[in-house]
Engineer: 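One structure, pasted below without further comment.
Fair warning: this is a prediction, and the values are worked out from it, not measured in the lab. The basis for the numbers below is simple: all heavy atoms, side chains too, and nothing from hydrogens, waters or symmetry mates. The chains referred to below are lettered A, B, ... by the order of the sequence lines, with proteins before strands, and numbering in each begins at 1.
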Amino acid sequence: MSLTLSRRDLARLITRVENSERGAQDALSALYADTGRARVIGVTGAPGTGKSTLVSEMARVYRQRPDHPLVAIVAVDPSSPFSGGAILGDRIRMRDLAGDSGVFIRSMASRGALGGIATATSDVVDVLDASGFDIIIIETVGAGQLEVDVARIAQTVIVVESPGAGDEVQAVKAGILEIADIIAVNKADRDGVNQTISALQSALDIAPPSFHTHHQRPGLPPPPVHQPSGDAVAWQTCIVKVSALNKEGVGDLLDAIDQHQAYLHASGEGEYRRLQHVHSNVEARLRDLLLRAAMQRLSRADFEAILSAVSQRNLHPAVAAQKVLDSLQL
Amino acid sequence: MSQPDARESSSRSLRILIAKPGLDGHDRGAKVVARALRDAGMEVIYTGLRQTPEMIAEAALQEDVDAVGLSILSGAHNVLLPRIAEALRVRGMSDVPIFAGGIIPAEDIPALVQAGIAGVFGPGSPIADIIAFIRERTPIRD
């Protein structure tokens, strides 16, 4: 197995894509037909749960498998909302991967996106996929309860928890746990790990098996899993105990990912999720283009007049937006 | 048909690698610089302590950085910094400017410049000088 691009060219293409530089969209359009081959895994969780260390260890263990898959890591850290700058520090925890030319690590700043990944992350994943990487691991920013966009890209989502991070009520709140296909309880060498696992387990026991709730969007047919074919049964979110720092349990985590991938394939849910991902992807780009088109057609003076009317409370923001839309004459 | 980019951006964030080669564990200076560059709107990839020249060059390549900043207080700068410049050169990255900070005696600077270290910023250097150095040497790519 080898890459279709030199590592230097790959890195430069990623930069062009990340910045939407001239020619980037043509390159993305050209390589799109070669995407869809990689296994894409999302890793998310609160700051300090050990995501970077775990991702590094996952990559190292993948590389030891008999087929030596090529592994890419996309590690997202937050941009400062004030300066726009960022400190991307995920590589600090990934030094075990140094010297392995079968691993490619790219840090990305979130650049204002609020869903835990950057707007361009899905395009960067496409570039890595088409370049020949077998496994792509996306590490999100330290995520709380609403940063769930990684579920719009990844096939398998791992939520990382660690001991002492909140009680059972935290676990049943809406948000990040709902997107978990697998929960990795990291730092399993620490006190309190069994309490954490039992709190998470009872939260999972309350919820029905988590099939496609987080991927489902209105306007699409019901997921195929509602009529299971053959032996397919709904996926039950599982909990895996790991200690990434001590290199323990990560093989079990990779086995759980294998099982989830097999489930996606056998049940038809993989296909369904793909459709959902495409839906949200096209919708997001349409939203961008419409906004851009609206702003181009509207003169600055007209727009400022509308804003002024809204700020004086003569016009409701929703009515203002409708006015702008009407002026587009779609 | 060529579609316009949906998210065409006019401003591009500079990406800077900040690394600590060698064995000393004093990373306060590196962190201060990283933080200042972040506040100047740059994206700083910070690799942490005890990086070999190969690790630094490989990170610079994968991250496609616009400049590489090295902090070294161990006294091994005359050996390590040229090796890093060479490791970047063999990867086709001789156009990426390298700057260094830490404890570097003035008499060592000419040889380091000769070896490809374009800027040396000792203790007390104003952060603004480092930012100006980066901005001057990183022309907008097409």
Engineer: Verify the neighbour count for atom CZ of A/R93: are there more than 12 heavy atoms of other residues, nucleotides or ligands below 6.0 Å?
Structural biologist: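 Count not over threshold, so no.
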Engineer: Okay, side chain of A/R91, backbone of B/Y46: is any donor-acceptor separation there less than 3.5 Å?
Structural biologist: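 Not at all, since once roles are kept as given, no pair shorter than 3.5 Å links the two residues.
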Engineer: To the nearest 0.5 angstrom, please state how far the OG1 atom of A/T15 sits from the CD atom of B/E63.
Structural biologist: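 It is 9.0 Å, given to the nearest 0.5 Å.
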Engineer: Is there a donor-acceptor pair under 3.5 Å between the side chain of A/R95 and the backbone N or O of B/R50?
Structural biologist: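 At least one qualifying donor-acceptor pair exists.
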Engineer: Side chain from CB out, backbone as N, CA, C, O: work out which of these in B/I16 comes under 4.5 Å of a heavy atom of chain A, or both, or neither.
Structural biologist: neither
Engineer: Looking at chain A, which one of B/G48, B/G41, B/A34, B/G92 has the largest number of heavy-atom pairs inside 4.5 Å, strictly under?
Structural biologist: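 Result: the option with the highest number of such pairs is B/G41.
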Engineer: Kindly compute the distance separating CD (B/E43) from OG (A/S110), expressed to the nearest 0.5 Å.
Structural biologist: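 So the gap between those two atoms works out to 8.5 Å.
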Engineer: Does the side chain of B/R91 come within less than 4.5 Å of A/R7's, by heavy atoms?
Structural biologist: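 SC-SC contact between A/R7 and B/R91 ruled out.
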Engineer: Determine, step by step, whether A/I87 and B/K31 satisfy the side-chain contact (heavy atoms from CB on, under 4.5 Å) criterion, reporting the C-alpha distance in whole Å, the side-chain angles of both residues, the deciding distance to 0.1 Å, and the verdict.
Structural biologist: CA-CA 10 Å; A/I87 292 184; B/K31 285 177 174 163; over 6 Å; no
Engineer: Between A/G84, A/A98, A/S107, which shows the greatest number of heavy-atom pairs under 4.5 Å with chain B?
Structural biologist: A/S107
Engineer: Could you walk me through whether A/R106 and B/D64 pass the side-chain contact (heavy atoms from CB on, under 4.5 Å) check?
Structural biologist: CA-CA 9 Å; A/R106 182 66 176 228; B/D64 189 28; 3.6 Å; yes
Engineer: Taking all heavy atoms of A/A86 and all of B/R38, pick out the closest pair and write down the distance.
Structural biologist: N-CG, 3.3 Å
Engineer: Calculate, to the nearest 0.5 Å, the distance between atoms CG and CD belonging to A/L97 and B/E58 respectively.
Structural biologist: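 Here the rounded value is 11.5 Å.
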Engineer: Does any backbone or side-chain atom of B/M55 lie under 4.5 Å from a heavy atom of chain A? Answer side chain, backbone, both or neither.
Structural biologist: side chain
Engineer: Taking all heavy atoms of B/D95 and all of A/R12, pick out the closest pair and write down the distance.
Structural biologist: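 Answer, listing the atom of B/D95 first, then A/R12: OD2-NH2, 4.1 Å.
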